[in-house]
Amino acid sequence: MYKIPANTLFVGKNLIYVPECHSTNTLAQELCQKTFMSEGTVVVTDNQSKGRGQRGNVWLSMPGMNLTFSVILKPVFLKPVDQFNLTIVISLSIHDFLCELIPEEIKIKWPNDLLICGKKTCGILIENTISGSMLQQSIVGIGINVNQPSFSLDQATSMKVITGKEFNLSDSLALVLLKLEQRYLQMRNGKYHDLKAEYMRYLFGFGKQMTFADSEGKFDGVIQGVTDDGRLVISRGEQIKKYNFKEVTFL
Ligand code: BTN
């Protein structure tokens, strides 16, 4: 059902399609434990029975309507302290993909949600394995809401809801894998500064007053930036705080 992308060098050249599974991230991990998996291997399914999201949440997706897949990467050139670069690369690649197909405004909500018109259209779950002082393997799980017509959550949307158009899932996967490889190669070529600058350009809420919550409660603040290790920098009056992923939420 899914075709191998024609224009990539290694991403998607080994494409494993299963009609259904628990979670493509879990399946990719299981496959890596059992046997050698080449870099760029993609595991894709039509239906996840236990799709996993960030913060231990579930990822729900109507069967056969959306893209749910995982890419096995081996960024052995990255130190654990630099792993946020991978988040940047994957976020930008989905941004590139959506921008090619959708005329509306696309934003990246820290750290790696993709929003169209302010609503979540894609979630990313990156699971890294570290060996010694370097990353060994990354399972990059991506869920893109493509043709799903409706959502129980008001903050979620799909490419179809926004455009009124139906998208071919196989063509969409081929395009997103191409974008992912292009951004990944940009990182492999050392263009960290350019990648970070682009990530900041598309960052949702950058420089704007917004409401957040941390362990001390609700507060109004302004996003000032993101540190190189991926912490969100928020100013609150005179005070500046840097937050790790689970320490702050957008309200
Ligand atoms: C999030 O919470 O925003 C991350 C969602 C990630 C969902 C994708 S779907 C494919 C892959 N397999 C999973 O179980 N999760 C990721």
Side-chain angles (χ1 to χ4, degrees), residues 1-2 11-12 15-33 37 40-73 83-84 86-95 97-98 106-116 118-129 137-148 151-159 167 169-170 172-174 176-177 179-180 199 202-205 230 232 244-250:
M1 150 157 205
Y2 289 95
V11 174
L15 192 123
I16 300 169
Y17 165 69
V18 287
E20 60 181 22
C21 65
H22 33 3
S23 147
T24 56
N25 264 38
T26 312
L27 181 56
Q29 251 152 19
E30 287 164 0
L31 291 170
C32 287
Q33 275 156 17
M37 287 281 142
T41 293
V42 171
V43 179
V44 57
T45 191
D46 293 330
N47 187 17
Q48 294 189 125
S49 54
K50 272 196 179 154
R52 296 192 283 115
Q54 296 160 355
R55 303 174 199 252
N57 290 330
V58 292
W59 180 258
L60 297 172
S61 176
M62 279 185 190
M65 297 266 173
N66 301 316
L67 285 175
T68 46
F69 63 101
S70 301
V71 186
I72 299 169
L73 294 174
Q83 58 190 293
F84 190 69
L86 194 59
T87 298
I88 291 179
V89 157
I90 305 303
S91 307
L92 282 177
S93 66
I94 311 291
H95 187 274
F97 162 75
L98 292 172
I106 322 281
K107 287 279 178 188
I108 301 169
K109 184 174 169 193
W110 177 86
N112 56 11
D113 285 346
L114 270 292
L115 310 180
I116 310 180
K119 293 192 176 199
K120 182 160 170 172
T121 314
C122 169
I124 299 166
L125 179 66
I126 302 177
E127 297 181 303
N128 292 329
T129 310
Q137 175 187 281
S138 285
I139 309 284
V140 177
I142 301 174
I144 307 176
N145 297 333
V146 181
N147 292 321
Q148 187 164 326
F151 293 84
S152 50
L153 291 174
D154 185 46
Q155 313 93 290
T157 193
S158 69
M159 293 162 61
F167 294 85
L169 288 181
S170 183
S172 299
L173 181 67
V176 77
L177 294 180
K179 300 296 184 190
L180 192 150
Y199 177 86
Y202 305 131
L203 192 70
F204 170 73
L232 188 66
N244 283 311
F245 178 49
K246 287 184 181 155
E247 295 171 347
V248 67
T249 47
F250 293 71

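Order of appearance sets the numbers: ligands from 1, and atoms from 1 within every ligand.
Taking every non-hydrogen atom of Thr24 and a distance limit under 4.0 Å, the qualifying atoms of ligand 1 come out as 10 (C), 11 (C), 12 (N). Residue-ligand proximity, Gly51 to ligand 1, at heavy-atom distances under 4.0 Å covers atoms 14 (O). Of all atoms in ligand 1, numbered sequentially from 1 with element shown, those under 4.0 Å from a heavy atom of Asn25 are 11 (C), 12 (N). The distance from ligand 1 to the heavy atoms of Gly53 drops below 4.0 Å at these ligand atoms: 1 (C), 2 (O), 4 (C), 5 (C). Near Asp113, meaning under 4.0 Å from one of its heavy atoms, ligand 1 places the atoms 3 (O).
With values rounded to the nearest 0.5 angstrom, Ile90 atom CD1 is found 5.5 Å from Ile126 atom CD1. We find the CG-OH distance between Asp46 and Tyr2 to be 5.0 Å, quoted to the nearest 0.5 Å. Remark: Ile16 CD1 to Thr41 OG1 distance equals 5.5 Å, nearest 0.5 Å.
For a threshold of 3.5 Å applied to N or O pairs, the pair formed by Ser23 and ligand 1 contains at least one separation below that value.
At a heavy-atom distance under 4.0 Å, only backbone atoms of Ile142 (N, CA, C or O) approach ligand 1. Here Thr26 has no heavy atoms under 4.0 Å from ligand 1, in either its backbone or its side chain. Contacts with ligand 1 closer than 4.0 Å are made by side-chain heavy atoms of Gln48 only, the backbone lying farther away.
Atom CD of Glu247 has more than 12 neighbouring heavy atoms from other residues, nucleotides or ligands inside a 6.0 Å radius.
At a threshold of 4.5 Å between non-hydrogen side-chain atoms, the residues Leu177 and Phe69 count as touching.
Comparing His22, Lys50, Arg52, Gln54 by heavy-atom distance to atom 16 (C) of ligand 1, the nearest is Arg52.
Under 3.5 Å, the side chains of Ser70 and Asn25 contain a donor-acceptor pair of N or O atoms. Side-chain contact, Ser138 with Asn128: a donor N or O sits under 3.5 Å from an acceptor N or O.
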